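Notes for the one structure printed next.
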Amino acid sequence: MALALAAGSAALTLPASAAAAPGKPSIKLSTGYLSGAVGATGDPTVTVTVAQSGSGSDALKVSATASSRDSVARAGDVQITGSGGSRQVAVTARGQGYADLTLKVEGAGGKSATTTLHYAASGAVHDHAATTRYLTGASDSSAAVDVGGGYMVVADDENNTLRLYRRDASGGPVRTWDFSSKLGVESEIDIEAATRVGDTVYWTGSMGNSKKGKPKPDRSTLFTTTVTGSGADTELKLGGSYHGLRDDLVKWDQDHGDRFGFADGTADGQAPKQIDGFNVEGLEFAPGSSSTAYVGFRAPLVPPKKGGKALLVPVTNMDKLAKADKKGAKAVHATFGEPVTLDLGGLSVRDIRRNAAGQYLIVAGSWAAEDNSEPYALYAWDGVAGHQPVKRLDLPTADPGGWEAVVDVPDLSAPGAKVQVITDAGSADLYGDGTEAKELPHAEWKKSRAVWFPLGS
């Protein structure tokens, strides 16, 4: 198409592209919020999309021009890579805190536009910084299962969302699932434990009261998901569910002389995370079994005093319970085996995981601590009642967050074996302003740490 300009009897024809003035450029972020960490390897990034009518996107220049707080990150600490209409933005943190970073696109005709990236940087970690990755989108990671291809599904105890993450990279979830409506729950399940058998993942709530001792029925939800695909293509579908395990445990304990005080631990007014409380944080199947599963307790200790042992209660029909709430299913209640007590140095179960060879790892932690104020350790076990676990590693506590979940168990006899452990950082003050991570206003600023540890001999 051309445009003709007439002057007397003469006419000049110009290309339309020469006649049309370029428009104002546009610049848009995939998210306006980003978190990072001082000294981190492979922090999360955001995508910036730019365009200008009347000009090709390759010609557009994108840069950071200003920071509201240079002590956190300067404009020069922003790296923008890529070409065309989509670029990647990364930030190297200088210090802990918040900064608003101004990003500018400059196009043809001297025209430009800006946008703001709201950035938050947590402090440098003291231990295993090179193998630390940050899972953003939630801060209270509480259980995890491997789904192959370098990915894992992670639960959070502040909501009922299951999130799919890459295990080797920092960033937000690839996809999410929330089965609350199908499960008939209206509040948090307080998911604290999970285990996988074949294509079935079992998830359970803590079964405990609220911090103020109020009954929370939705926390007594046990449910399964069916896994199809793997890696980034993982799909989850709801399987079955059961809401009566807490009541079954209490009745079983009462029928056996109140050995563990479950009735008192679940009574109105009883906080769950007490040395004589009632709080579940581990779930794993017994050696060679797909029906008997150990339920691991954060509380109580046995006996409920300093130096007490950790408690596992075998549920011998876990596979049947998971189908109990299906329409037309035959009424079923939990059946139990002989309880197991483990000497974890006065600590209790925060997670338990088994591999195909029947080797177990137990994350041991305080019944009380929500953060890094008490010791944590990894214990190896063979899953046999009467056999005591062996400490393999004292988990570091110099950095924020409490150790909460082990993703899977390597061959514990192999030289150089490594394990990935995840924190619950919900109570942590990540950015130095006194705000607990679970209370942060933006999901992109919430995060947990996932750290690879060598297990040694």
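All residue numbers refer to positions in the sequence shown, counting from 1. Predicted model, so just to flag it, every value in this text is computed and none were measured.
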Which heavy-atom pair separates A93 from Y119 by the least distance, and what is that distance? CB-OH, 3.4 Å
CH2/W445 to OH/Y98 distance, rounded to the nearest 0.5 angstrom? 6.0 Å
Determine whether H118 and D100 make a side-chain contact, defined as any pair of heavy atoms from C-beta on separated by less than 4.5 Å. yes
Using the benzene-type ring in the case of Trp, are the ring centres of Y379 and Y360 under 6.0 Å apart? no
Closest approach of P304 to D276 (non-hydrogen atoms, all atoms of both residues): CB-CB, 3.9 Å
Is the closest side-chain heavy-atom distance between S206 and D157 below 4.5 Å? no
E284/T195 under side-chain hydrogen bond (donor to acceptor under 3.5 Å, both in side chains): CA gap, chis, key distance, verdict: CA-CA 6 Å; E284 186 55 272; T195 186; 2.6 Å; yes
Would D399 and D127 satisfy side-chain contact (heavy atoms from CB on, under 4.5 Å), going step by step from the backbone distance to the final call? CA-CA 8 Å; D399 300 306; D127 295 291; 4.0 Å; yes
Please assess R167 against D408 for the test salt bridge (Lys or Arg N to Asp or Glu O under 4.0 Å), listing each intermediate value before the final yes or no. CA-CA 11 Å; R167 295 182 62 175; D408 56 7; 3.0 Å; yes
Could you measure the distance from the OG atom of S289 to the CG atom of D319? Nearest 0.5 Å is fine. 7.5 Å
Taking atom types as modelled, is there a side-chain donor on K447 or S122 under 3.5 Å from an acceptor on the other? yes
Given salt bridge (Lys or Arg N to Asp or Glu O under 4.0 Å), test D190 with K216 step by step and report yes or no. CA-CA 10 Å; D190 193 23; K216 292 288 185 178; over 6 Å; no
Are any of the side-chain heavy atoms of F278 and Q270 separated by less than 4.5 Å? no
L164 versus G231, closest heavy-atom pair with distance: CD2-O, 3.7 Å
Can you find a side-chain donor-acceptor pair between T423 and E404 that sits under 3.5 Å? no
May I ask you to decide if the ring planes of H442 and Y33 are parallel, tilted or perpendicular, using 30° and 60° as cut-offs? parallel
Could you work out, with salt bridge (charged side-chain N to carboxylate O under 4.0 Å, His left out) as the rule, every residue matching R69, not counting sequence neighbours? none
To the nearest 0.5 Å, how far apart are CZ in R163 and CE in M152? 12.5 Å
Can you give me the closest heavy-atom contact between A310 and L347, atom names plus distance? CB-O, 3.8 Å
Out of the candidates E192, E281, E374, E370, only one should pair with R350 under the salt bridge (charged side-chain N to carboxylate O under 4.0 Å, His left out) rule; please name it. E281
Looking at every heavy atom in both V409 and N355, which two are closest together, and how far apart are they? O-CB, 3.3 Å
T92 vs Q79, side-chain hydrogen bond (donor to acceptor under 3.5 Å, both in side chains): CA-CA, chis, key distance, verdict: CA-CA 8 Å; T92 300; Q79 301 88 45; 3.3 Å; yes
Would you say K438 has more than 12 foreign heavy atoms packed within less than 6.0 Å of its NZ? yes
One should read off an interatomic distance between I191 CD1 and T161 OG1, to the nearest 0.5 angstrom, of 8.5 Å
D371 versus S427, side-chain donor and acceptor atoms under 3.5 Å: no
Candidate pair E188 and N159, rule side-chain contact (heavy atoms from CB on, under 4.5 Å), full reasoning: CA-CA 5 Å; E188 68 181 47; N159 54 64; 5.9 Å; no
Nearest 0.5 Å please: distance from the CD1 atom of I189 over to the OG1 atom of T204. 9.0 Å
side-chain contact (heavy atoms from CB on, under 4.5 Å), that's the test. Do S230 and V147 meet it? Break it down for me. CA-CA 6 Å; S230 64; V147 291; 5.7 Å; no
Residue pair V201 / V153, side-chain heavy-atom distance below 4.5 Å: no
Are any of the side-chain heavy atoms of R449 and W403 separated by less than 4.5 Å? yes
F223 and W203 aromatic ring geometry - parallel, tilted or perpendicular at 30°/60° bounds: parallel
Is there side-chain contact between W177 and T225, with at least one heavy-atom pair below 4.5 Å? no
With side chains defined as the heavy atoms from C-beta onward, is the minimum distance between P300 and F262 less than 4.5 Å? yes
Taken in chain and number order and not counting sequence neighbours, the residues that satisfy side-chain hydrogen bond (donor to acceptor under 3.5 Å, both in side chains) with S241 are D325
Sidechain-backbone polar pair: S220 side chain, H243 backbone, donor-acceptor under 3.5 Å: no
Could you tell me which non-hydrogen atom of T200 sits nearest to which non-hydrogen atom of Y202, and how far apart they are? CG2-CE1, 3.7 Å
So, do R87 and L60 sit near enough that their side-chain heavy atoms are less than 4.5 Å apart? yes
Out of curiosity, R246 CZ to L222 CG, how far, rounded to the nearest 0.5 Å? 15.0 Å
